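Residue numbers run from 1 in the order of the sequence given. Since this is a predicted model, take the numbers as computed values, not measurements. Every heavy atom of this structure was used, including side-chain atoms; hydrogens, water molecules and symmetry mates were not.
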Amino acid sequence: MATLQAIKYSRGKLQVLDQLRLPHENHYDDITTSEEAFDCIKSMRVRGAPAIAIVAALAHAVELVNGSSSAATSPEETIAHIDSRLDYLKESRPTAVDLSNAITLLKLAARAARVEGLAHPEAKEAILNAYIAAAENILAKDLLSNMSIGSYGAVWLQQQYNATPARKISVLTHCNTGSLATSGHGTALGIIRTLHARGLLEHAYCTETRPYNQGSRLTSFELVFEGIPATLITDSMAGALFNLHRERMNIGAVIVGADRVVRNGDTANKIGTYQLAVLARHHGVKFIVAAPTTSIDLETLTGAGIKIEERKAEELTQISGAVVNADGTIDPTKTARVAIADQRINVWNPAFDVTPHDLIDAIVTEKGAVVKGADGRFDFSQVMPERWDAIVGGQS
Ligand SMILES: CSC[C@H]1O[C@H](OP(=O)(O)O)[C@H](O)[C@@H]1O
């Protein structure tokens with residue numbers, strides 16, 4: 001069964017599903033410039049660490065195909081143009097590292113296409129083609145990466161709980177990490193999809209994930225869309241779910257995504273993740289992070305070094321949604337905005353929090369599940385040896 005598609009792309013054309021209208025309306029925005037991509041990411045019409053990187057990379061590919069670098073009359077000017085557009089896009093959202101990792105890769109790809117002795121315009125053409133190929137490869141690799149995360153995560157959980165189709169497990173997930181946060185299948189939700197496909201999933205619980213409601217609006221939508229047995233709870237119900245219903249619900253794991261995993265394994269993810277990790281530890285439930293290696297930042301040593309995005313107060317004090325008609329049907333063409341708090345109240349609205357590595361049992365990547373060694377540390381050299389050697393090298 002097809003899953004929902006956040007991003008539609010063919011060379012020269014990029015369309016992005018407006019997630020602010022979900023689940024009531026499927027509307028795709030045409031993205032033709034870096035400015036349009038920036039606004040789409042900043043306003044969270046597209047969100048999710050991998051999806052943000054993919055949209056930024058492809059938006060610049062589209063504008064290059066449409067001639068945005070026409071003023072560049074040398075390889076140096078062409079590379080300077082690409083750099084300036086990518087540096088602009090990098091500022092759209094600061095916490096997820098996939099965007100900056102993709103920008104680093106794309107800049108290297110453009111530079112690697114410089115051929116000594118090749119003159120303009122052939123030299124420029126080679127650089128543009130190299131950028132476009134690298135951007136398209138980011139899209140192509142993401143889906144394969146998510147399928148691999150799904151499989152490694154399902155196998156790890158099956159081993160932890162001796163799960164079988166006759167002895168399934170239930171899991172809790174937070175925020176949205178599915179097809180609407182990636183190019184497809186998803187990361188944490190990708191593990192849930194794979195568990196379901198292998199007959200190992202009893203039930204999936206998803207949290208509402210205030211204030212943007214990625215869980216109630218997006219994850220619920222993905223789970224219902226594919227007929228995966230699921231129950232929506234508010235963020236504040238998670239403790240009761242573990243405490244009052246644990247034996248009956250047989251919750252085996254909390255599975256979350258990541259916006260940035262740093263060198264020691266501390267992980268920035270959607271606000272509300274840290275408290276789930278504390279609950280999981282208290283109740284003896286495994287807590288696993290699902291993240292492609294593109295979400296791992298070896299340059300930053302601990303969670304204290306992660307910049308946490310803070311968003312506007314209105315996301316807490318107001319909600320908006322489709323109007324429900326008198327007969328109970330939903331009118332997606334009309335949305336109502338409701339103030340649910342006194343607009344004079346101070347608001348603190350961090351979009352993410354940091355879960356310390358000691359509360360994380362496994363970090364599942366497309367190269368395998370990483371667990372802490374006897375020294376209590378995560379060693380990512382197992383899944384990204386080249387980057388580990390280049391960045392960490394002989395450092396402790
Ligand atoms: C695979 S998506 C990773 C991550 O991104 C989400 O944040 P946002 O919706 O603000 O972009 C959430 O933290 C997911 O876990």
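- Formation of a donor-acceptor pair under 3.5 Å by the T234 side chain with backbone atoms of E208 is not found in this model.
- Of the possible polar contacts, one joining the D266 side chain to the H357 backbone as a donor-acceptor pair under 3.5 Å is found.
- Of all non-hydrogen atoms in R260 and V97, the two that sit nearest each other are NH1-CG2, 3.4 Å.
- No side-chain heavy atom of K8 sits less than 4.5 Å from a side-chain heavy atom of K13.
- Remark: E366 does not engage K141 in a salt bridge, criterion side-chain N to carboxylate O under 4.0 Å.
- Between F378 and F380, the two ring planes are parallel [angle under 30°; tilted spans 30° to 60°].
- Side-chain contact between L99 and R93 is absent, with no heavy atoms from C-beta onward closer than 4.5 Å.
- Screening K270, R47, Q214, R217 for a side chain to side chain donor-acceptor pair (under 3.5 Å) involving N176 leaves a single residue, R47.
- Taking the six-membered ring where the residue is Trp, Y131 and H60 present perpendicular rings, their angle passing 60° and hence far from 30°.
- Taken together through direct or relayed side-chain contacts under 4.5 Å among Ile, Leu, Val, Met, Phe, Trp and Tyr, L241 and L232 form parts of separate hydrophobic clusters.
- The backbone N or O of S34 sits less than 3.5 Å from a side-chain atom of E63, completing a donor-acceptor pair.
- Electrostatic pairing of D331 and K334 counts as a salt bridge here, judged by a charged N lying under 4.0 Å from a carboxylate O.
- Taking CD of E125 as the start and CG of L128 as the end, the distance is 5.5 Å to the nearest 0.5 Å.
- Put simply, the side chain of H174 reaches to within 4.5 Å of the side chain of T209, judged on heavy atoms.
- Side chain of T173 to backbone of I255: a donor-acceptor contact under 3.5 angstrom is found.
- Between K42 and E91 the shortest side-chain heavy-atom distance does not fall below 4.5 Å.
- By the criterion of side-chain heavy atoms lying less than 4.5 angstrom apart, applied directly or through intervening Ile, Leu, Val, Met, Phe, Trp or Tyr residues, V55 is grouped together with L64 in one hydrophobic cluster.
- No side-chain donor-acceptor contact under 3.5 Å links R45 to the backbone of R21.
- Here the closest non-hydrogen pair linking P292 and T187 is CD-CG2, 3.8 Å.
- Side chain of D98 to backbone of A53: no donor-acceptor contact under 3.5 angstrom is found.
- Judged purely by atom type and a 3.5 angstrom limit, T219 uses its side chain to pair as donor or acceptor with the backbone of C175.
- A continuous path of hydrophobic side-chain contacts links I391 to W388 [ILVMFWY only; heavy atoms under 4.5 Å].
- A chain of hydrophobic side-chain contacts below 4.5 Å, direct or via other Ile, Leu, Val, Met, Phe, Trp or Tyr residues, connects I138 to I127.
- No donor-acceptor pair under 3.5 Å is formed between the side chain of H185 and the backbone N or O of L143.
- Under 4.0 Å is where a charged nitrogen must lie from a carboxylate oxygen, and between R281 and D361 at least one such pair does.
- Counting heavy atoms from C-beta outward, D235 and R210 have side chains that approach closer than 4.5 Å.
- Looking only at side-chain heavy atoms (C-beta outward), E226 and I192 stay at 4.5 Å or farther from each other.
- Although no hydrogens or angles enter the test, the distance criterion places no donor-acceptor pair under 3.5 Å between the side chain of N349 and the main chain of E310.
- Closest of all the heavy-atom pairs between T95 and K307 is OG1-O, 2.8 Å.
- By the 4.5 Å heavy-atom criterion applied to side chains, F242 and V254 are counted as neighbours.
- When side chains are defined from C-beta on, L157 counts as touching I288, because their heavy atoms get closer than 4.5 Å.
- Linking Ile, Leu, Val, Met, Phe, Trp and Tyr residues whenever their side-chain heavy atoms come within less than 4.5 Å places I191 and L223 in a single cluster.
- Remark: side-chain polar atoms of Q5 are paired, donor with acceptor, to backbone N or O of I7 under 3.5 angstrom.
- Of all heavy-atom pairs between Y9 and A61, the closest is OH-CB, 4.4 Å.
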Before you tell me yes or no, could you show the steps for T365 and Y152 under side-chain contact (heavy atoms from CB on, under 4.5 Å), namely the whole-Å CA-CA distance, both residues' side-chain angles and the distance that decides it to 0.1 Å? CA-CA 8 Å; T365 76; Y152 276 120; over 6 Å; no
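- Judged as a ring-ring contact (aromatic ring centres under 6.0 Å, His included), the pairs with a partner in residues 36-55 (not counting sequence neighbours) are, in order, F38-Y88.
- Electrostatic pairing of K124 and E77 does not count as a salt bridge here, judged by no charged N lying under 4.0 Å from a carboxylate O.
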message: T104 vs N101, test: side-chain hydrogen bond (donor to acceptor under 3.5 Å, both in side chains). Steps then yes/no.
response: CA-CA 5 Å; T104 300; N101 278 343; 5.3 Å; no
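- Salt bridge status for D379 with R263: absent, with no side-chain N to carboxylate O gap under 4.0 Å.
- A salt bridge is absent between R387 and D297; no separation between the charged side-chain nitrogens and carboxylate oxygens falls under 4.0 Å.
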